[in-house]
Amino acid sequence: TPEADPRFRALLTEVREHFGGQVWWGQPYTGSMQASPSFLDAVDGIYLLWSAPLAQNPSATIDEMAMEAGRKLDTDILPFAISIQKPVIVAPVYTSAGGSVTGCVSAPAGGCVDWTALSRPNPDIPSVTLDLGGQANAYQAVLTAVNDRPWLSGFVSRGFYPSAMLADKSASIRGKPAAELLTYWFAQMQGIGQ
């Protein structure tokens with residue numbers, strides 16, 4: 001809406017009067033970055049909310065998924081990053097549920113389950129299958145794509161549940177193979193890995 005730009009600019013000015021840190025904008029990636037807010041020039045960076053489908057086939061290889069993530073980053077995110085001239089951190093969320101890598105975890109009544117419906121304290125959805133390996137593969141693919149693109153400024157996993165390790169279908173990586181994978185990648189990226 002036309003009144004959103006001045007409202008957000010005023011809010012950002014007020015935030016900066018009370019907060020000395022950086023202000024990043026959480027921008028969802030929905031397959032296009034065409035409808036970005038005009039006030040992005042007033043933020044310090046973009047926190048890219050990423051849950052893009054990585055494959056049409058849930059049994060796609062990590063390399064195939066990494067290529068698809070890279071294609072989307074190059075086609076949609078790179079022109080956006082160039083146009084706004086701000087750092088971009090990729091913040092993916094993939095559940096450990098069957099179908100997550102395709103962008104659609106099947107809902108019992110048809111359609112797709114939103115990733116937040118699989119998070120605690122929501123009850124388990126028995127018809128949704130557990131796929132811990134699929135979640136790890138999705139993160140491996142996205143990390144590979146991000147690592148190959150030095151114009152991206154970072155990576156943050158979303159949906160982390162700090163209270164407990166969960167071997168469930170949620171997006172939390174705590175206690176799951178995806179957490180081990182991110183630990184390995186972090187060490188390698190920091191130059192402290194073996």
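Here the structure is a predicted model, which means the values were calculated and not measured. Every heavy atom of this structure was used, including side-chain atoms; hydrogens, water molecules and symmetry mates were not.
No path of Ile, Leu, Val, Met, Phe, Trp and Tyr side chains, each step under 4.5 Å between heavy atoms, connects Met165 with Leu130, placing them in separate hydrophobic clusters. Transitive grouping of hydrophobic side chains (ILVMFWY, heavy atoms separated by less than 4.5 Å) keeps Val146 and Ile89 in distinct clusters. One hydrophobic cluster holds both Val142 and Tyr184 under the rule that ILVMFWY side chains link at heavy-atom gaps under 4.5 Å. Hydrophobic cluster membership is shared by Val43 and Val90, with clusters built from Ile, Leu, Val, Met, Phe, Trp and Tyr side chains linked at under 4.5 angstrom. When the side chains of ILVMFWY residues are joined at heavy-atom separations under 4.5 Å, either directly or via intervening members, Trp151 and Trp25 end up in a single hydrophobic cluster.
Classified by interplanar angle (parallel below 30°, tilted 30° to 60°, perpendicular above 60°), the ring pair Phe8/Phe39 is parallel.
Judged purely by atom type and a 3.5 angstrom limit, Tyr94 uses its side chain to pair as donor or acceptor with the backbone of Ala52. For Ser100 (side chain) and Ser96 (main-chain N/O), no donor-acceptor pair under 3.5 Å exists by modelled atom type. For the pair Ser36 (side chain) and Met33 (backbone), a donor-acceptor distance under 3.5 Å is present. Remark: side-chain polar atoms of Glu64 are paired, donor with acceptor, to backbone N or O of Thr61 under 3.5 angstrom.
Atom OH of residue Tyr47 and atom CG of residue Leu49 lie 6.5 Å apart, to the nearest 0.5 angstrom. Atom CG of Asp124 is separated from atom CG of Asp168 by 8.0 Å, given to the nearest 0.5 angstrom. Between Leu152 atom CG and Ile77 atom CD1 the span is 8.5 Å, to the nearest 0.5 Å. Taking CG from Leu166 and CZ from Arg174, the interatomic distance works out to 8.0 Å, rounded to the nearest 0.5 Å. Interatomic distance, CZ of Arg71 versus CD of Glu68, reported as 4.0 Å (0.5 Å rounding). Annotation: the span from Thr144 atom OG1 to Asp148 atom CG amounts to 7.0 Å, rounded to 0.5 Å.
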| field | Evaluation steps, side-chain contact (heavy atoms from CB on, under 4.5 Å), between Arg120 and Tyr161 | value | CA-CA 8 Å; Arg120 299 297 142 240; Tyr161 189 75; 3.9 Å; yes

| field | side-chain contact (heavy atoms from CB on, under 4.5 Å) evaluation trace for Asp44 with Arg16 | value | CA-CA 11 Å; Asp44 297 303; Arg16 291 188 188 283; 3.1 Å; yes

| query | Can you check side-chain contact (heavy atoms from CB on, under 4.5 Å) on Val113 and Leu118, steps first, answer last? | reply | CA-CA 8 Å; Val113 174; Leu118 298 170; 4.0 Å; yes

| request: Could you please spell out the steps behind the side-chain contact (heavy atoms from CB on, under 4.5 Å) verdict for Ser170 and Lys176? | output: CA-CA 10 Å; Ser170 73; Lys176 297 178 184 175; 3.4 Å; yes

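Nearest heavy-atom pair, Val88 versus Ala81, reported as atom, atom and distance to 0.1 Å: CG2-CB, 3.9 Å.
Less than 6.0 angstrom separates the ring centroid of Tyr29 from the ring centroid of Trp50.
With no hydrogens or angles considered, a side-chain donor-acceptor pair links Asp5 and Ser38 at under 3.5 Å.
Residue Arg7 places its CZ atom among 12 or fewer non-hydrogen atoms of other residues, nucleotides or ligands, all under 6.0 Å distant.
Side-chain contacts under 4.5 Å among hydrophobic residues (ILVMFWY), followed directly or transitively, place Val93 together with Trp115.
Using a 4.0 Å cut-off between charged side-chain N and carboxylate O, Lys169 and Asp131 make no salt bridge. At a threshold of 4.0 Å, the pair Lys86-Asp41 does not count as salt-bridged, since none of the basic side-chain nitrogens sits closer than that to a carboxylate oxygen.
The closest side-chain heavy-atom distance from Thr95 to Gln135 is not below 4.5 Å.
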